[in-house]
Asker: 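First the structure, which I've put down as structure tokens, then a few questions once you've had a look.
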Number of protein chains: 2
Amino acid sequence: MSNLSNTSDEILASARNLIMSGGYNGFSYADISEVVGIRKASIHHHFPSKVDLVRELVKRYREDGQASVVTLEQNVPDELDILKVYANHWAKCIEDASRPYCVCALLASELPSLPPEVATEVTNFFRFISSWLTTVMERGYKSGTLNLTSEPHVEAEAFLATVYGAMLSARAYGKPEVFSTILSPALNRLTPTVSH
Amino acid sequence: MSNLSNTSDEILASARNLIMSGGYNGFSYADISEVVGIRKASIHHHFPSKVDLVRELVKRYREDGQASVVTLEQNVPDELDILKVYANHWAKCIEDASRPYCVCALLASELPSLPPEVATEVTNFFRFISSWLTTVMERGYKSGTLNLTSEPHVEAEAFLATVYGAMLSARAYGKPEVFSTILSPALNRLTPTVSH
DNA sequence: ATCTGTCTACCTTCTAGTAGGCAGATCGTC
DNA sequence: GACGATCTGCCTACTAGAAGGTAGACAGAT
């Protein structure tokens, strides 16, 4: 009973890893079949088409993200700390090479050539992250835990761009530490000046 | 005589557009042949393999960039202005949809699955942009035309990440204006405070 | 008796790449 | 200037393999 749905999770997990490295057109059902140890045709049983597979993958990716955000906000009261935890999550993923890139970042860059159903889900992911970061910025501004120099939604977009840009640079140079090098000053700038 | 080498330029141009929208695995010789109006086999005459084609494309992309940088520095003395022109170049490209994404940004995100010869050229491109921006930051710091809060090379990486992150966001949301929204505060932060 | 997950075997279309031919431009030599 | 040889760019025709996907059989669980 527990093993039954596990195969489809394994398929999704291996698809995620493959997309993470080469994007939508960078993997095939044959690739997944090798990793999971199942025949191509059996993958079609779980996900009739490639579009179904990736649509579901991105949908779950967003849902998992939403769940993580809920736990994060429950456990970390300070808004600056929330941003630090978020940045640190990516710093670790990149440095231990476990998930060195965001699936949705890769898909977003391929957006114009993506099947529309997938493209929609990818856009939804970015809207989710963006609106979450905006609420964090707004709360931090009101409570004084964040030092903003622009409107909250602008700061949110700028922070998101910095994170994803840093992710790209780390990959482009093949130097994981570049991520933290870029994020540190960005977080410093958001840190309230203690006294004067 | 002049038409002879033109075909290979057309091939490169259409490949650039195709990569810009879907990456390395997102286009085929058949796609190019439709755009250029030439048969698949004829493309192989100009570029024996896909790797040859994309390697040359990225190499020229970098060389063109290097040439543009030279002219830019000759014509614009102020370092802040240089950064503004650079940012504005991308803002225009994105907004008029002429070149709404950087070829090398797309290839860099696919880096792990790219043929090594192409990957090397992509890394070279990023090293070029990064070291150029570092020299701009250094000069601006010394001459007082830029207001730096970190070391020049860190500011350079941060700026580059902001530009490429903003490019991604603009594409992800399908809203070109997001690019300028993100870049404006980044450029403001680099602007020296006039007096006090 | 049906449902679930897997299999083998197959199909069609697309992929990068090759072989070889052909027309026209260019070139060296007489 | 004429003549053949080579070079250039393109063509048709083809290949082997990979792509996504289908049909249908089978074993085991419900």
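Basis for what follows: all heavy atoms, side chains included, without hydrogens, waters or symmetry-related copies. Lettering of chains follows the sequences in order, A, B, ..., and the numbering in each one begins at 1.
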Asker: Provide, to the nearest angstrom, the distance between the OH atom belonging to B:Tyr29 and the C1' atom belonging to D:dC10.
Answerer: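 Roughly 15 Å, once rounded to whole Å.
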Asker: As a test of reading the structure: which of D:dC10, C:dT6, D:dG21 is closest to the side chain of A:Ser49, going by heavy atoms?
Answerer: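 When the side chain of A:Ser49 is considered, D:dG21 is the closest of D:dC10, C:dT6, D:dG21.
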Asker: Output the rounded distance in Å from CG (A:Asn6) to P (C:dT6).
Answerer: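 Checked: the CG to P distance equals 10 Å.
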Asker: Might you confirm whether atom CZ of A:Phe128 has over 12 heavy atoms from other residues, nucleotides or ligands at distances under 6.0 Å?
Answerer: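 Count over threshold, so yes.
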Asker: Do the side chain of A:Lys40 and the base of D:dG20 come within less than 3.5 angstrom through a donor-acceptor pair of N or O atoms?
Answerer: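 Such a pair is found, so the answer is yes.
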Asker: What is the distance from NE2 of A:His44 to P of C:dT4, rounded to the nearest Å?
Answerer: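 To the nearest whole Å, that distance equals 19 Å.
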Asker: To the nearest Å, how far apart are B:Leu18 CG and C:dT15 C1'?
Answerer: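 Those two atoms, CG and C1', are 15 Å apart.
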Asker: Give the rounded distance in Å between these two atoms: CZ of B:Phe27 and P of C:dC14.
Answerer: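 Nearest whole value for this atom pair: 17 Å.
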Asker: After noting the C-alpha distance and the side-chain angles of A:Ser109 and B:Glu110, does the key distance pass the side-chain hydrogen bond (donor to acceptor under 3.5 Å, both in side chains) rule?
Answerer: CA-CA 10 Å; A:Ser109 46; B:Glu110 297 174 318; over 6 Å; no
Asker: Would you kindly give the CD1-to-C1' distance between B:Ile11 and D:dT8, to the nearest whole Å?
Answerer: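 In whole Å, D:dT8 C1' and B:Ile11 CD1 are 13 Å from each other.
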Asker: For A:Glu56, is there an ion pair with A:Arg60 - N to carboxylate O distance below 4.0 angstrom?
Answerer: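 Salt bridge present between A:Arg60 and A:Glu56.
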Asker: Please determine, for the side chain of A:Ala41, which listed nucleotide (C:dA9, C:dG17, D:dG20) has the closest atom?
Answerer: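 Of the options given, the side chain of A:Ala41 lies nearest C:dA9.
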Asker: Hey, does B:Phe47 reach any base, or is it just sugar-phosphate, or nothing, if we go heavy atoms under 4.0 Å?
Answerer: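 The answer is nothing, as B:Phe47 stays clear of every strand by at least 4.0 Å.
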Asker: Just to be sure I understand the rule, does A:Ser28 reach a base, reach only the sugar-phosphate, or reach nothing, if contact means heavy atoms closer than 4.0 Å?
Answerer: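 Here A:Ser28 touches the backbone only, sparing every base.
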Asker: Heavy-atom count check: over 12 atoms from other residues, nucleotides or ligands less than 6.0 Å from B:Arg99 CZ?
Answerer: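 Count not over threshold, so no.
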Asker: Using whole Å, what does the distance between atom C1' of nucleotide D:dT22 and atom NE2 of A:His45 come to?
Answerer: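 To the nearest whole Å, that distance equals 15 Å.
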Asker: From CD1 of A:Ile43 over to C1' of D:dT22, roughly how many Å is that when rounded to an integer?
Answerer: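 From A:Ile43 CD1 to D:dT22 C1': 15 Å.
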Asker: When you measure from the centre of the six-membered ring of B:Tyr24, is the NZ or CZ of B:Lys50 closer than 6.0 Å and no more than 45° off the axis?
Answerer: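 Positive - B:Lys50 is close enough to the ring of B:Tyr24 and near enough to its axis.
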Asker: Which nucleotide in the list C:dG17, C:dG5, D:dC10 gets nearest to the side chain of B:Thr7?
Answerer: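 Per side-chain heavy atoms of B:Thr7, the pick is D:dC10.
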Asker: Which of the following nucleotides, C:dT15, C:dG17, C:dC7, is nearest to the side chain of A:Ser42?
Answerer: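 Side chain of A:Ser42 sits closest to C:dC7.
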